[in-house]
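Small disclaimer: the values here were computed from a predicted structure and weren't measured. Values below: all heavy atoms of this structure, side chains included; hydrogens, waters and symmetry mates excluded. Here is the naming used below: chain letters follow the sequence lines, and residue numbers restart at 1 for every chain.
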Number of protein chains: 2
Amino acid sequence: MGCKIEEFQQEQKKRIRAVQDSMDVLNGKWKIAIISSICCYGKRRFSDILNDVEGVSNRMLSKELKELEINQLVTRTVLPTQPITVEYELTEHGNTLQTIISNLTDWGTVHRKKIAGK
Amino acid sequence: MGCKIEEFQQEQKKRIRAVQDSMDVLNGKWKIAIISSICCYGKRRFSDILNDVEGVSNRMLSKELKELEINQLVTRTVLPTQPITVEYELTEHGNTLQTIISNLTDWGTVHRKKIAGK
DNA sequence: CTGAATCCAGATGGATACTG
DNA sequence: CAGTATCCATCTGGATTCAG
């Protein structure tokens with residue numbers, strides 16, 4: 001114990017657990033896309049997100065939004081319109097994902113070219 | 001057509017599709033952790049990754065490594081030992097994920113504290 | 001408009017045992 | 001050591017219908 005290699009490996013395991021923690025929150029077919037949609041508009045309504053994220057169903061959108069809310073990444077506000085509308089907004093904590101979203105956007109663009117253009 | 005708002009929305013949809021492209025590759029319970037494991041050691045053997053990523057089974061590790069290989073993120077090299085050993089390494093393309101991995105590691109650490117400490 | 005409820009096929013993933 | 005094969009429970013997610 002106390003040897004350098006062991007210490008390094010422990011550090012490494014901690015890092016891997018940390019990445020896992022992130023992915024536990026962000027995994028899900030649509031989560032990142034949903035966050036991305038809300039992110040760049042500031043506030044976004046249910047039906048707008050439904051339109052932004054191609055392919056998502058209202059069932060899944062509802063479900064994943066709820067999980068994001070539980071993880072304190074988005075807030076949900078019911079507006080007193082008739083019929084009601086609901087606005088979703090990133091929390092301060094959710095906003096800290098912006099860098100990651102931005103990186104993923106860039107990487108995805110490059111990756112698509114990489115795979116398609118071979 | 002050609003109006004600013006529509007253009008912006010089209011741009012936005014493209015960005016969302018790009019994030020989705022990234023997530024299509026990176027989704028999966030263990031993928032990021034696996035990449036993370038290989039990443040910081042340079043090369044990494046099957047059994048080492050199995051040990052690094054707590055909870056993963058050999059079945060899943062094998063499966064997800066194969067998918068990562070298909071997406072050209074890792075290479076697989078069989079070493080002529082007895083019994084054989086296999087080394088996995090990030091490709092140049094896979095290495096471009098380092099920034100994202102690093103960000104996810106940091107974010108995961110913060111997020112854990114955030115959720116646990118409320 | 002924003003969901004919730006139900007139904008159901010197919011994917012996911014763990015446990016275990018086996019192979020070269 | 002590095003997988004593969006099989007079995008099987010659970011989860012995922014789409015389609016559709018209904019509700020406040």
- Test side chain to side chain donor-acceptor pair (under 3.5 Å) on B:E92 and B:N95 and set out the steps. CA-CA 5 Å; B:E92 202 177 327; B:N95 264 311; over 6 Å; no
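Between A:S47 and C:dT2 there is a side-chain N or O to OP1 or OP2 distance below 4.0 Å. Put simply, A:Y88 has a side-chain N or O that comes within less than 4.0 Å of OP1 or OP2 on C:dG3. Note on A:S62: a side-chain N or O is less than 4.0 Å away from OP1 or OP2 of C:dA4.
From B:D21, atom CG reaches atom CD1 of B:I16 across 12.0 Å, with rounding to the nearest 0.5 Å.
When each of A:P83 and A:S57 is assigned the nucleotide of DNA chain D with its nearest heavy atom, A:S57 is the one assigned upstream, toward the 5' end. Between B:K66 and A:I84, the residue anchored closer to the 5' end of DNA chain D is B:K66, taking for each the nucleotide with the nearest heavy atom.
Residue B:I5 qualifies as open at atom CD1: its count of foreign heavy atoms under 6.0 Å is 12 or below. Other residues, nucleotides and ligands contribute more than 12 heavy atoms inside 6.0 Å of the CZ atom of A:R17.
Remark: side-chain polar atoms of A:T91 are paired, donor with acceptor, to backbone N or O of A:Q72 under 3.5 angstrom. Panel note: side chain A:T109, backbone A:T105; a donor-acceptor pair is recorded below 3.5 Å.
Rounded to a whole Å, the CG atom of B:N51 is 12 Å from the P atom of D:dA2. D:dC1 atom C1' lies 14 Å from atom CG of B:L65, rounded to whole Å. A:E67 has its CD atom 8 Å from the P atom of D:dT12, to the nearest Å. In this structure, the CG atom of B:L61 is 10 Å from the C1' atom of D:dG3, given to the nearest Å. Put simply, CZ on B:R76 is 7 Å from P on D:dT4, counting in whole angstrom units. The nearest whole Å value for the distance from the CG atom in B:L50 to the P atom in C:dG14 is 12 Å. A:F46 places its CZ atom 18 Å from the P atom of D:dA19, with the value rounded to the nearest Å. One atom, CG of A:L79, and another, C1' of C:dT2, lie 12 Å apart when rounded to the nearest Å.
If one axis is set at each end of the helix from C:dC1-D:dG20 to C:dG20-D:dC1 from five pairs, those axes are 50° apart, to 10°.
In this structure, A:Q20 and B:K29 approach most closely via the heavy-atom pair OE1-O, 3.3 Å.
Taking the six-membered ring where the residue is Trp, B:Y41 and A:F8 present perpendicular rings, their angle passing 60° and hence far from 30°.
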Distances for protein N or O near nucleotides 5-12 of chain C N or O, under 3.5 Å:
unit_1: C:dT6; atom_1: O4; unit_2: A:R59; atom_2: NE; d: 3.3

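Contact check on A:E87 versus A:R44 returns no salt bridge, with no Lys/Arg side-chain nitrogen under 4.0 Å from an Asp/Glu carboxylate oxygen.
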